[in-house]
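Here is the structure we will look at.
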There are 2 protein chains.
Amino acid sequence: MDRKINCPVEVTLSLIGNKWKVLIIRDLLEGTKRFGELKKSIGSISAKVLTSNLREMEEEGLINRKVYAEVPPKVEYSLTETGYSLKSVLDSMYSWGESYKEVKGRV
Amino acid sequence: MDRKINCPVEVTLSLIGNKWKVLIIRDLLEGTKRFGELKKSIGSISAKVLTSNLREMEEEGLINRKVYAEVPPKVEYSLTETGYSLKSVLDSMYSWGESYKEVKGRV
DNA sequence: CGGTATCCTTACAGATACTG
DNA sequence: CAGTATCTGTAAGGATACCG
């Protein structure tokens, strides 16, 4: 039982332990998106919060940020290989959410 | 694409979308625990925060709370069937965390 | 032992205005 | 378009004291 010394679950939490990061991953799993697209697809997030989460995730090696030297500016975000590997986690969250809804609906 | 209208990932987030709840599930997956044991095994959580999270999770049908009519008091927490089914999510978080550590260690 | 009540401090997040 | 700067409100969380 290595739970105490750097439990892997806590490692994962430290990287995607907030709601916004999970939603960012979810939306980038569909493919590369521009800043504005991402903001729109997440829905209720502000530019400030989106930016700060993206910066952190970039630092942690989960996403790529590609800036085009154009006017008006164009910035594309995509998942790195590491970021994409989070698909397994998101998939299990998706499945669980679905069956939870089913159970609740049945009440 | 039903992402907009009640995405299952968001459903899951709404139930275990905070760090503490994930850790509570993780520790209860080992089996029934008393309040004090749970508090100790999670580590840095305060009684107030632990109590409020447990209450919410009880309400949502993820955990059971069993009170023994004894002095001194004894209260045991365990996962419901629904709560236990979150093991799949925790498992994938565990695996991902492990491989992330490996990748980072290799740098 | 397993909480509650209270106070207090910060982290998180929304709104708005502005810029390269 | 893709941010940054600033200001502000709110809620999460820690510390402490106390209770059944």
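Each chain gets a letter, A, B and so on, in the order the sequences are listed, and its residues count up from 1.
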Minimum heavy-atom distance between Pro73(B) and Arg34(B), given as atom pair plus value: O-NH2, 3.4 Å

Residue pair Val9(A) / Val22(B): nearest heavy atoms and the distance that separates them: CG1-CG1, 3.8 Å

Which sits closer to the 5' end of DNA chain C, Asn18(A) or Phe35(B), going by the nucleotide each is nearest to? Phe35(B)

With DNA chain C as reference, determine whether Lys48(B) or Gly36(B) sits nearer its 5' end, using the nearest nucleotide of each. Gly36(B)

Check whether any side-chain nitrogen or oxygen of [X] sits under 4.0 Å from OP1 or OP2 of [N], and answer yes or no.
X	N	answer
Tyr77(A)	dC1(D)	no
Trp20(A)	dC12(C)	no
Arg55(A)	dA2(D)	no
Arg34(B)	dG3(C)	no

5'-most by nearest nucleotide on DNA chain D - Pro73(A) or Val49(B): Pro73(A)

Out of dG14(C), dG3(C), dA2(D), minimum distance to the side chain of Ser46(A) belongs to dG14(C)

Nucleotide of dC1(C), dC1(D), dA2(D) approaching Pro72(A) most closely (side-chain heavy atoms): dC1(D)

Would you classify Lys39(B) as touching base, sugar-phosphate or nothing, given that sugar-phosphate means primed atoms plus P, OP1 and OP2, and contacts are heavy atoms under 4.0 Å?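 If one applies the 4.0 Å heavy-atom cut-off, Lys39(B) turns out to touch nothing in the nucleic acid.
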
Working to the nearest 0.5 Å, report the span between OG of Ser88(B) and CG of Asp91(A).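 Ser88(B) OG to Asp91(A) CG: 11.0 Å, rounded to 0.5 Å.
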
Side-chain heavy-atom pair Phe35(A), Leu54(A) within 4.5 angstrom cut-off: yes

